[in-house]
Amino acid sequence: MGARAAGRLWWGTVSCTFFLAVNGLYSASDDVIELTPTNFNKEVIQSESLWLVEFFAPWCGHCQRLTPEWKKAATALKGVVKVGAVDADKHQSLGGQYGVRGFPTIKIFGANKNKAEDYQGGRTSDAIVDAALSALRSMVKDRLSGRSGGYSSGKQSRESGGGDKKDVIELTDDSFDKNVINSDDVWMVEFYAPWCGHCKNLEPEWAAAATEVKEQTKGKVKLAAVDATVNQMLASRYGIRGFPTIKIFQKGEDPVDYDGGRTRSDIVARALDLFSDNAPPPELLEIISEDVLKSTCDAHQLCIISVLPHILDTGASGRNSYLDVMLKMAEKYKKKMWGELSVGRGSTAPVGGGAFPKIRTVEPWDGKDGELPVEDDIDLSDVDLDDWDKDEL
């Protein structure tokens with residue numbers, strides 16, 4: 001019994017030791033810098049240094065065998081080249097950004113941090129150091145020849161880039177829910193990384209689209225941007241794996257991915273579709289004065305005026321059937337953002353010279369059938385028909 005108990009204790013100790021080993025490949029006492037989604041942008045992307053970064057998984061046997069060599073290389077390169085490690089099993093979003101598909105994956109971040117290079121060399125400390133020094137030598141020569149003018153952070157590049165971004169709303173972990181989740185408006189949100197080349201290409205298109213969409217939807221569809229490298233909580237919450245990722249948020253619905261084109265016109269077209277899907281149809285108004293005509297038509301790109309038959313010709317039921325048709329057309333074509341008015345007094349006038357005819361102020365239709373005008377009775381009591389000559393009749 002005691003032997004079996006001892007055996008159980010021994011296996012428990014081995015299991016615990018094994019667990020600690022595979023979950024702690026690197027420690028604070030090593031010269032290998034631990035990298036996470038929180039510090040990666042600041043430590044690596046915004047750095048002037050050359051970086052060698054290992055993406056590993058603690059359970060990976062090849063990673064465990066590489067660990068002592070990686071530590072040795074980090075110590076040898078200390079103060080010359082930065083050596084880091086990312087637990088890509090724990091921080092899958094960071095591994096996904098760089099297309100990590102197996103472990104260990106080693107990448108070299110040189111002068112152009114937007115284009116990390118895969119390390120394909122040996123897994124010994126000597127081979128790693130030689131590759132690092134070779135990459136460093138190339139980077140220094142590029143700087144000497146003027147081919148690389150030093151790296152400025154992605155955030156600075158985005159803020160100083162071309163295009164007017166006044167209508168793109170910057171969102172953060174703190175401001176997102178208040179602005180987006182609690183809003184009745186439709187939001188198209190770009191999750192970007194400052195170092196991402198595709199994000200930089202999208203930036204002027206996104207900015208131009210934001211201004212146009214704001215004007216055409218009266219601010220009911222908003223375009224926004226989130227720096228996913230800074231606002232890690234949002235990126236994790238919405239499963240951001242690559243950049244740029246654009247998501248559409250509508251109140252009461254789960255966010256969906258935008259998978260359309262990346263040009264201004266593509267983005268605007270999708271925004272207008274979203275607007276029309278959520279917007280009520282244009283209000284159907286009766287023209288009872290010149291003010292109604294001007295205030296409605298001046299506010300829209302296109303104004304449809306329907307001239308209906310006289311109420312005495314159709315009655316209330318006929319008039320309502322015409323209005324039903326107009327309302328259905330308004331619902332069908334509401335994305336065109338036009339206004340609609342109707343004239344129902346039974347008279348028309350030609351529109352010439354590009355100007356509206358003069359509109360008389362009248363009372364609005366009461367929804368009832370029309371009534372014939374009451375005519376005065378004719379008094380024939382003073383007329384003696386017997387005196388008329390029969391031939392004249």
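These values consider heavy atoms only, across backbone and side chains, with no hydrogens, waters or symmetry-generated copies.
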Would you kindly say whether [X] and [Y] are connected by a side-chain donor-acceptor distance under 3.5 Å?
| X | Y | answer |
| --- | --- | --- |
| Asp291 | Ser289 | no |
| Asp167 | Thr211 | yes |
| Asp266 | Thr263 | yes |

Can you name the nearest heavy-atom pair linking [X] to [Y], along with the distance?
| X | Y | answer |
| --- | --- | --- |
| Met139 | Gly110 | SD-C, 3.8 Å |
| Ser49 | Lys82 | CB-CG, 3.8 Å |
| Leu50 | Ala135 | CD2-CB, 3.9 Å |
| Phe243 | Phe191 | CD2-O, 3.5 Å |
| Pro364 | Glu286 | CA-OE1, 3.6 Å |
| Gly84 | Leu35 | CA-CD1, 4.1 Å |

**Message:** Counting only heavy atoms not in Lys107 (residues, nucleotides, ligands), do more than 12 fall under 6.0 Å from its NZ?
**Reply:**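 Enclosed: over 12 neighbouring heavy atoms sit under 6.0 Å from NZ of Lys107.
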
Test your reading of the model: is there a side-chain donor-acceptor pair from [X] to the backbone of [Y], 3.5 Å cut-off?
| X | Y | value |
| --- | --- | --- |
| Glu117 | Phe109 | no |
| Asn320 | Ser317 | no |
| Tyr119 | Gly122 | yes |

**Request:** Find the distance between CG (Leu293) and CD1 (Ile288) and round it off to the nearest 0.5 Å.
**Result:**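 So the CG of Leu293 and the CD1 of Ile288 are separated by 12.0 Å.
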
**Asked** Would you say the side chain of Tyr258 lies within less than 4.5 Å of the side chain of Lys247, judging by non-hydrogen atoms?
**Response**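 A side-chain contact is absent here, since even the closest heavy-atom pair is not under 4.5 Å.
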
**Message:** Within the 4.5 Å heavy-atom criterion, are Pro255 and Ile248 side-chain neighbours or not?
**Reply:**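 SC-SC contact between Pro255 and Ile248 ruled out.
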
**Message:** Please determine whether salt bridge (Lys or Arg N to Asp or Glu O under 4.0 Å) holds for the pair Arg262 and Glu205, giving the CA-CA distance in whole Å, both sets of side-chain angles, and the decisive distance to 0.1 Å.
**Reply:** CA-CA 7 Å; Arg262 301 294 175 86; Glu205 303 293 325; over 6 Å; no

**Qualifying residue, where the test is side-chain contact (heavy atoms from CB on, under 4.5 Å) with Leu171 and the options are Asn231, Asp177, Val226** =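 For Leu171, the side-chain contact (heavy atoms from CB on, under 4.5 Å) test succeeds with only one of Asn231, Asp177, Val226, which is Val226.
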
